[in-house]
Every structure is written in C-alpha cells, then in structure tokens.
K.L.:
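Below you will find the structure I want to go over with you.
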Amino acid sequence: MSHRTAPPSGAAQLRADCGRCFGLCCVVPAFAASTDFAIDKPAGSPCPNLRPDHRCGIHTELRQRGFPGCTVFDCFGAGQQVAQVTFGGRDWRDAPETLPAMAEAFAVLRPLHELLWYLTEAVALRPSADLRAELERARAETLTLTEGDPAQLRAVDVAGHRDRVNPLLSRASDAARAPGGADRRGAHLLGVDLRRADLRRANLRGALLIGADLRGADLGLADVTGADLRGADLRGADLRHTLFLHQTQLDAARGDVRTGRRPAGSGAGRECG
C-alpha cells in the first residue's frame, strides 16, 4: 500500500528530483517535431525514450539526438510532488487509470512551483518589511495550494493566482533595481549585438534575446524573469547579481568559464553549456 509523504522543505522542494518522480515531464506534455524535438508526441503519451525505470534512455545525448528542448525544461520540483505527495507514491505504470489525474495535477503544480521559486528569490532580495510580509503571505498561500489533493488541485485558478502574485514580484524587482535601468520588457532583441552592453538594473522581463550576442555584457541587477535566452552568447557576461535568473535560461544559452556565475544559494548556479 502506498502512503502520502511530506514534501521536502525549502529550496529542495523546488528542485527537480527525477529519482522520486515517475517521468511525468516525459509523459504529460505534448511536443511537435521541430528544432527542439525530433518527433511528435501527443499529451499523456510516454516518450519512446522513456525507460521502464522512468529514466531517459538518451539523457546524455539529448542535444545530439535532436531533443534540446528536453535539456532546458524544469518542473521546479512539481514532478516529485505529484508522484510522492499528491499520489502517495502510486506509480502510473502500475495504476494506468491514475495517469489522467496525474497529468491534471502536474499541469497545476508546475506553474505553482515556479511561482514559489520566484517568490523565494524575491524574499531573498531583502525588500522592505511591508513588501517582505506580502511576499511571505503570497508564498504561504501558494504553498498551501500545492498541498491539495487531486480534486482540490483541479479547482485551483492558476492564472488568477499568478495575476495576483506577479505585481508583488514586479514591486520586489523595482525596489531591488532602484534606480532602474533601461525598460526593455518584452523587447524583441533576437540576434541583436549587445556585446559589452551596460544592462545593469535593466528590466528585461519577457524579453526575446534568442541568439543575441551578450558577450561581456553587464547584467548586474537586471531582471530577466521569463527572458528567452535560447542560443544567446553569454561568454564573459557578468550574471553574478542578475535577478530571477533560472538555470533553465542558462542551459538554453551558450557560455564559457568566464561567464560570471551567481553566488551560491541564489538560484541558478551552474555554468551555461
């Protein structure tokens, strides 16, 4: 008999632990043959590369085999939450009838866990006491939502909750960046030459920086929430104090040993590949 287990606390809860998941990121999403994926896969259908032990059979060759999209996906720990907490360790391979409900839960928990990550980062920016209290309340409310059973998760208004949380994150960003730099929110900067650009304190939320040349650029205290850095050249860029920079963004970009890394414990920390 399976049993519900308590979720890990703190940052560990927001990091993918594939050993405690049931390969949900390889089953739940749909993807189409493209530069990111070598094949078409319908939603709810296991990827043919998924092994019986829920591990990827081509994990070390994903890019070479035409699956770079897999290398930049992060569930923010939602996978193990669904597997071990929401469904108490009950494997969909042993109980196929649970898969649709697992897929629904994963679709809700993944964006909630992402919000938790951003809220945790925002609190770490040491905002004013009033703003910190609001962020902490939003984080507690979000955490409570993640702890629901499948029926409760199905009823969560993820978009509405995100709309309530995002203004708080923007306020935290504005406070950390004050006085603010250039406002390039949602800017289309595909392939733009930004070598050695001074982007300190810039608002780059949702900016499209696909293939941009950011070699040697200074992104100190720049907000890159949701910025698309696929194929961006970050060699020598200073990212040590960049705000809301997630590892998936680094993984999607190109960098080298000179690419400035963030301090340990402040979110993304590995060098980009």
K.L.:
Between Glu104 (side chain only) and Pro150 (backbone N and O only), is there a donor and an acceptor less than 3.5 Å apart?
P.N.:
no
K.L.:
Does the side chain of Thr35 reach to within under 4.5 Å of the side chain of Pro68, using non-hydrogen atoms?
P.N.:
no
K.L.:
Kindly indicate whether the side chain of Leu239, heavy atoms from C-beta on, has any atom under 4.5 Å from the side chain of Val224.
P.N.:
no
K.L.:
Could you report the tightest heavy-atom contact between Arg162 and Pro111, atom names first, then the distance?
P.N.:
NH2-CB, 3.4 Å
K.L.:
Work out which heavy atom in Ala253 is nearest to a heavy atom in Leu234; give both atom names and the distance.
P.N.:
CB-CD1, 3.5 Å
K.L.:
Checking Gln80 side chain against Arg15 main chain: does a donor-acceptor pair fall under 3.5 Å?
P.N.:
yes
K.L.:
Within a 6.0 Å radius of atom CZ on Arg185, are there more than 12 heavy atoms belonging to other residues, nucleotides or ligands?
P.N.:
no
K.L.:
Check for me whether Arg110 meets the cation-pi criterion with Phe73, that is, NZ or CZ under 6.0 Å from the six-membered ring centre and within 45 degrees of the ring axis.
P.N.:
yes
K.L.:
Could you check whether atom CZ of Arg177 has more than 12 heavy atoms from other residues, nucleotides or ligands sitting under 6.0 Å from it?
P.N.:
yes
K.L.:
When you measure from the side chain of Gln81 to the backbone of Leu109, do you find a donor-acceptor pair of N or O atoms at a distance under 3.5 Å?
P.N.:
no
K.L.:
Does Arg235 pair with Asp233 as a salt bridge, N-O distance under 4.0 Å?
P.N.:
yes
K.L.:
Please report the interatomic distance SG(Cys18) to NE2(His59), rounded to the nearest 0.5 Å.
P.N.:
7.5 Å
K.L.:
According to the interplanar angle, ranging from 0 to 90°, do the rings of Phe37 and Phe67 count as parallel (below 30°), tilted (30 to 60°) or perpendicular (above 60°)?
P.N.:
perpendicular
K.L.:
Using only heavy-atom distances, determine whether the side chains of Ser128 and Asp130 contain a donor-acceptor pair under 3.5 Å.
P.N.:
no
K.L.:
How long is the span from the CG atom in Leu14 to the CG atom in Leu119, to the nearest 0.5 Å?
P.N.:
10.0 Å
K.L.:
Quick one: sort the His246 and Phe76 rings into parallel, tilted or perpendicular, breaks at 30° and 60°.
P.N.:
tilted
K.L.:
Hey, quick one: are Leu190 and Leu209 part of the same hydrophobic cluster, counting side-chain heavy atoms closer than 4.5 Å, chains of contacts allowed?
P.N.:
no
K.L.:
Check the hydrophobic clustering (I, L, V, M, F, W, Y; side-chain heavy atoms under 4.5 Å; chains of links allowed) and say if Val28 and Phe31 are grouped together.
P.N.:
no
K.L.:
Measure across Pro46 and Trp92 and return the closest heavy-atom pair with its distance rounded to 0.1 Å.
P.N.:
CG-CH2, 3.7 Å
K.L.:
With a 4.5 Å heavy-atom cut-off, do Gln13 and His113 have their side chains touching?
P.N.:
yes
K.L.:
Looking at Arg201 and Gly181, would you say the former's side chain and the latter's main chain have a donor-acceptor pair under 3.5 Å?
P.N.:
no
K.L.:
Whether the side chain of Asp40 engages the backbone of Pro42 through a donor-acceptor N/O pair (distance < 3.5 Å, no angle test) should be reported.
P.N.:
no
K.L.:
Are Leu250 and Leu189 linked, directly or through intermediate hydrophobic residues, by side-chain heavy-atom contacts shorter than 4.5 Å (ILVMFWY only)?
P.N.:
yes
K.L.:
For Leu116 and Leu143, work out which heavy atoms get closest and say how close.
P.N.:
CD2-N, 3.9 Å
K.L.:
Would you say Leu199 and Arg184 make side-chain contact, with heavy atoms under 4.5 Å?
P.N.:
no
K.L.:
Hey, what do you get for CG (Asn49) to SG (Cys26), rounding to the nearest 0.5 Å?
P.N.:
8.5 Å
K.L.:
Heavy atoms only: give me the nearest Val165-Ala138 pair and the separation to one decimal.
P.N.:
CG2-CB, 4.4 Å
K.L.:
Give a yes or no on whether the backbone of Asp223 and the side-chain of Thr225 come within a donor-acceptor separation of less than 3.5 Å.
P.N.:
no
K.L.:
What is the distance from atom CG of Asp53 to atom CZ of Arg93, rounded to the nearest 0.5 Å?
P.N.:
8.5 Å
K.L.:
Testing the basics here: between Leu112 and His161, what is the closest heavy-atom pair and its distance to 0.1 Å?
P.N.:
CD2-CD2, 3.9 Å
K.L.:
Using the side-chain contact (heavy atoms from CB on, under 4.5 Å) rule, pick out the option among Asp91, Val27, Val82 that qualifies with Phe22.
P.N.:
Asp91
K.L.:
Say you draw a straight line from OG1 of Thr86 to CD of Glu147; how long is it, rounded to the nearest 0.5 Å?
P.N.:
10.0 Å
K.L.:
Taking C-beta and beyond as the side chain, do Leu24 and Cys75 meet within less than 4.5 Å on heavy atoms?
P.N.:
no
K.L.:
Any donor-acceptor pair under 3.5 Å linking the side chain of Gln247 with the backbone of Asp74?
P.N.:
no
K.L.:
Going by heavy atoms in the side chains, are Arg154 and Val108 under 4.5 Å from each other?
P.N.:
no
K.L.:
Do Leu62 and Val72 belong together in a cluster built from hydrophobic side chains that touch within less than 4.5 Å?
P.N.:
no
K.L.:
Do Arg139 and Tyr118 have side chains that approach each other closer than 4.5 Å (heavy atoms only, starting at C-beta)?
P.N.:
no
K.L.:
Any chance CZ of Arg51 has more than 12 other-residue heavy atoms, nucleotides or ligands included, within less than 6.0 Å?
P.N.:
yes
K.L.:
Membership question, hydrophobic clusters at under 4.5 Å side-chain separation (ILVMFWY): are Leu99 and Phe87 in the same one?
P.N.:
yes
K.L.:
Under 4.0 Å between a Lys/Arg side-chain N and an Asp/Glu carboxylate O for Glu141 and Arg137?
P.N.:
no
K.L.:
I'd like to know if the side chain of Lys41 reaches the main chain of Pro48, judged simply by a donor and an acceptor atom lying under 3.5 Å from each other, with no hydrogens or angles considered.
P.N.:
no
K.L.:
How long is the straight-line distance from CG of Leu115 back to OG1 of Thr142, given to the nearest 0.5 Å?
P.N.:
6.0 Å
